[in-house]
Asker: 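Before I ask anything, let me first share the structure, which is written out below as structure tokens.
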There are 2 protein chains.
Amino acid sequence: MFTSSEENYLKAIYHLEIGVDKGVSTNAIAEKLVTKASSVTDMVKKLSEKELIIYKKYQGVSLTNFGKKIASNIVRKHRLWEVFLVEKLNFSWDEVHDVAEQLEHIKSPKLIQQLDLFLGFPTHDPHGDPIPDKDGNLKAIEKSLLSSLIKNESGICVGVNDSSKDFLQFLDKKGITLGKLITVLEKEDFDGSLFIQIDRKKLSISNKISNNLYIKKQ
Amino acid sequence: MFTSSEENYLKAIYHLEIGVDKGVSTNAIAEKLVTKASSVTDMVKKLSEKELIIYKKYQGVSLTNFGKKIASNIVRKHRLWEVFLVEKLNFSWDEVHDVAEQLEHIKSPKLIQQLDLFLGFPTHDPHGDPIPDKDGNLKAIEKSLLSSLIKNESGICVGVNDSSKDFLQFLDKKGITLGKLITVLEKEDFDGSLFIQIDRKKLSISNKISNNLYIKKQ
DNA sequence: ACATTATTTTAGTCTTGTCTAAAATAATAT
DNA sequence: ATATTATTTTAGACAAGACTAAAATAATGT
């Protein structure tokens with residue numbers, strides 16, 4: 001149907017256009033895919049020909065409904081594979097991205113349907129990101145940044161905003177994983193750092209951390 | 001490391017050089033990969049540069065030890081994925097090939113190691129073909145063609161020589177699956193057809209069928 | 001409003017892997 | 001032994017997807 005390269009562009013645009021009403025810029029896509037703006041312009045023309053995106057010179061791009069369907073399906077596959085890797089093959093959450101990046105391009109509707117069944121129809125991936133259903137719909141959950149909590153509030157850790165290896169390994173080191181209850185014991189006004197309780201441990205975390213951790217308020 | 005295309009050439013050569021002492025011909029590779037001889041010549045030069053194969057003009061090719069290692073690893077991955085699809089995702093043995101053909105190119109040593117563990121270190125794929133270990137070694141089992149049995153001999157079905165959809169579906173229809181006990185009740189000399197017993201059923205099968213079915217003599 | 005800067009596009013090139021058509025070599029038959 | 005046929009290789013072309021450098025357009029600052 002589509003090449004891996006085309007799929008990667010669609011996925012990048014899909015992620016970039018979330019919460020933005022303007023078209024996604026050539027440069028933004030180039031940065032996300034670690035390629036050059038000129039390459040993006042080339043590809044964007046092809047995707048436009050195939051009615052996957054709306055493109056007007058110098059105006060940025062946006063996905064058509066068709067493009068959105070294709071893109072969300074790639075994301076669906078990516079996240080289902082991540083669940084598989086963690087749940088069945090004992091990968092840790094910081095190891096799954098690169099492999100899922102390859103697996104998401106495997107073409108077989110039956111494969112994904114059966115994988116979904118095998119995994120028990122998961123709604124979220126190992127980082128707490130929602131898995132689109134076959135029609136691209138996301139199961140939204142109310143989540144807040146940990147940084148938005150005030151003293152004595154608490155919540156369950158439900159996701160991360162930054163899925164980089166470094167950040168995920170940092171969280172592992174601190175014992176912070178999805179499902180854990182976090183309580184804010186103190187909040188420092190001058191730097192936004194938090195003193196939190198998790199399990200029996202108390203620890204201090206910077207604003208940068210709490211800005212990248214989603215919790216569900218209790 | 002290597003492109004999917006390179007890997008496909010190595011795999012084709014690997015399969016073609018089994019039981020042959022001469023170099024594998026350009027045409028044979030072209031036929032196997034459904035491509036043109038000229039394309040094969042091009043690729044064969046590249047693989048030769050990379051020391052994966054031995055190639056001399058007009059002489060055909062053969063894998064180096066290095067090439068054999070790479071090739072057997074692709075076959076290993078292909079067959080492990082086939083086991084996964086059948087055992088875990090409820091694919092039937094005639095549905096797995098095309099998907100495994102894609103999955104075999106996923107690059108992640110950990111993925112295969114964990115998959116192997118998850119599947120319980122299988123030694124054979126759903127068609128009875130042996131799965132190479134990390135070093136490319138195959139666990140040989142003594143198997144014979146069903147056509148080699150004589151009247152009143154019997155054996156366990158352990159593999160197929162032809163893995164085409166048509167043949168596999170035919171076997172399904174007749175209730176012939178791996179592990180089944182087959183007894184030869186009659187053998188017709190003039191056309192080699194067999195009258196066999198399998199479970200409580202008796203049926204007649206042509207020489208073409210019995211020439212593509214491996215059994216382990218009892 | 002216009003000069004400067006940033007972004008985007010165009011033009012031309014490169015690599016990979018394929019193809020066709022023609023030339024070269026090997027195999028086969030008489 | 002040589003003519004014929006089959007196989008393989010070469011030469012040149014093409015598409016996809018990337019790149020660089022230069023040109024065009026948009027955005028920004030004073």
Side-chain angles (χ1 to χ4, degrees), chain A residues 1-14 16-17 20-63 67 70-71 74 101-102 104-107, chain B residues 1-14 16-17 20-63 67 70-71 74 101-102 104-107:
Chain A
M1 202 61 173
F2 300 104
T3 66
S4 291
S5 187
E6 288 172 326
E7 290 183 347
N8 284 335
Y9 275 90
L10 292 174
K11 184 166 57 113
I13 297 165
Y14 177 87
L16 288 167
E17 82 177 359
V20 192
D21 49 352
K22 311 191 62 184
V24 175
S25 78
T26 302
N27 257 5
I29 300 170
E31 192 181 2
K32 185 133 213 168
L33 296 177
V34 194
T35 183
K36 298 292 144 111
S38 55
S39 308
V40 174
T41 302
D42 288 346
M43 180 57 93
V44 134
K45 283 178 184 169
K46 289 176 205 162
L47 296 176
S48 174
E49 297 256 305
K50 296 186 178 181
E51 317 235 328
L52 289 157
I53 61 176
I54 304 292
Y55 167 63
K56 270 192 179 154
K57 276 191 192 180
Y58 298 102
Q59 305 285 124
V61 304
S62 60
L63 294 170
I70 304 298
I74 312 292
E101 204 79 346
Q102 298 177 63
E104 71 189 6
H105 300 296
I106 303 292
K107 281 149 188 64
Chain B
M1 201 63 174
F2 300 104
T3 66
S4 291
S5 188
E6 288 171 328
E7 290 183 346
N8 284 335
Y9 275 91
L10 293 174
K11 183 165 58 113
I13 297 165
Y14 177 88
L16 288 167
E17 82 178 358
V20 192
D21 50 351
K22 313 191 61 183
V24 176
S25 78
T26 302
N27 257 5
I29 299 170
E31 192 181 3
K32 185 135 212 168
L33 295 178
V34 195
T35 183
K36 297 293 143 106
S38 54
S39 307
V40 174
T41 302
D42 287 345
M43 180 58 92
V44 135
K45 285 177 182 170
K46 290 176 206 164
L47 296 176
S48 175
E49 297 255 304
K50 297 186 178 181
E51 316 236 328
L52 290 157
I53 61 176
I54 305 290
Y55 167 63
K56 271 190 176 157
K57 276 191 192 179
Y58 298 103
Q59 304 284 125
V61 303
S62 60
L63 294 171
I70 305 296
I74 312 292
E101 203 78 348
Q102 299 176 63
E104 71 190 7
H105 300 296
I106 302 292
K107 281 148 187 67

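Each chain gets a letter, A, B and so on, in the order its sequence line appears, and its residues count up from 1. Heavy atoms only: backbone and side chains are in, while hydrogens, waters and symmetry mates are out.
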Asker: Given atom CD of B/Glu49 and atom P of C/dG17, what is their separation to the nearest angstrom?
Answerer: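 Value for this atom pair: 13 Å.
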Asker: Please give me the minimum heavy-atom distance between B/Glu101 and B/Lys11, naming the atom from each residue.
Answerer: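 Closest heavy-atom pair between B/Glu101 and B/Lys11: OE2-NZ, 3.2 Å.
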Asker: As a quick check of understanding, evaluate side-chain contact (heavy atoms from CB on, under 4.5 Å) for A/Asn8 and A/Ile74, giving each step before the final call.
Answerer: CA-CA 9 Å; A/Asn8 284 335; A/Ile74 312 292; 5.7 Å; no
Asker: On the nucleotide C/dT16, are OP1 or OP2 found under 4.0 Å from the side-chain N or O atoms that B/Lys46 carries?
Answerer: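 So the side chain of B/Lys46 is outside the cut-off, no N or O lying under 4.0 Å from OP1 or OP2 of C/dT16.
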Asker: What integer distance in Å separates B/Ile29:CD1 from C/dT18:C1'?
Answerer: 16 Å
Asker: For A/Phe2 and D/dG17, what is the distance between atoms CZ and C1' respectively, to the nearest whole Å?
Answerer: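 From A/Phe2 CZ to D/dG17 C1': 17 Å.
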Asker: Could you tell me how far apart A/Asn27 (CG) and D/dA26 (P) are, to the nearest whole angstrom?
Answerer: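 Distance check: A/Asn27 CG to D/dA26 P gives 15 Å.
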Asker: What is the distance from atom NZ of A/Lys50 to atom CD of A/Glu6, rounded to the nearest 0.5 Å?
Answerer: 3.5 Å
Asker: Please determine whether a side-chain nitrogen or oxygen atom of A/Ser25 lies at a distance below 4.0 Å from atom OP1 or OP2 of C/dT7.
Answerer: no
Asker: Output the rounded distance in Å from NZ (B/Lys22) to P (C/dA27).
Answerer: 7 Å
Asker: Do any side-chain atoms of residues 27-49 of chain A form donor-acceptor pairs under 3.5 angstrom with protein atoms, and if so which ones, sequence neighbours left out?
Answerer:
unit_1	atom_1	unit_2	atom_2	d
A/Thr41	OG1	A/Ala37	O	3.2

Asker: Below 3.5 Å between N/O atoms, which protein atoms pair up with nucleotides 9-14 of chain D? Just atom names and distances, please.
Answerer:
unit_1	atom_1	unit_2	atom_2	d
D/dT9	OP1	B/Tyr55	OH	2.5
D/dT9	OP1	B/Tyr58	N	2.8
D/dT9	OP2	B/Thr26	OG1	2.9
D/dT9	OP2	B/Thr41	OG1	2.9
D/dT9	O5'	B/Tyr55	OH	3.4
D/dT10	OP1	B/Lys57	NZ	2.5
D/dT10	OP2	B/Lys45	NZ	2.4

Asker: Between A/Leu52 and A/Phe2, does a side-chain contact (heavy atoms from CB on, under 4.5 Å) hold up when you go through it step by step?
Answerer: CA-CA 11 Å; A/Leu52 289 157; A/Phe2 300 104; 3.5 Å; yes
Asker: Over how many whole Å does the gap from A/Asn8 atom CG to D/dA16 atom C1' extend?
Answerer: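 So the CG-C1' distance, A/Asn8 to D/dA16, works out to 14 Å.
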Asker: Give the rounded distance in Å between these two atoms: NZ of B/Lys36 and P of C/dT16.
Answerer: 23 Å
Asker: Within this structure, what is the CG-to-C1' distance between B/Leu47 and C/dT16, rounded to whole angstrom?
Answerer: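 Rounding to the nearest Å, CG of B/Leu47 and C1' of C/dT16 are 13 Å apart.
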Asker: Distance check, rounded to the nearest 0.5 Å: A/Thr3 atom OG1 versus A/His105 atom NE2?
Answerer: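 Going from OG1 on A/Thr3 over to NE2 on A/His105, the span is 9.0 Å.
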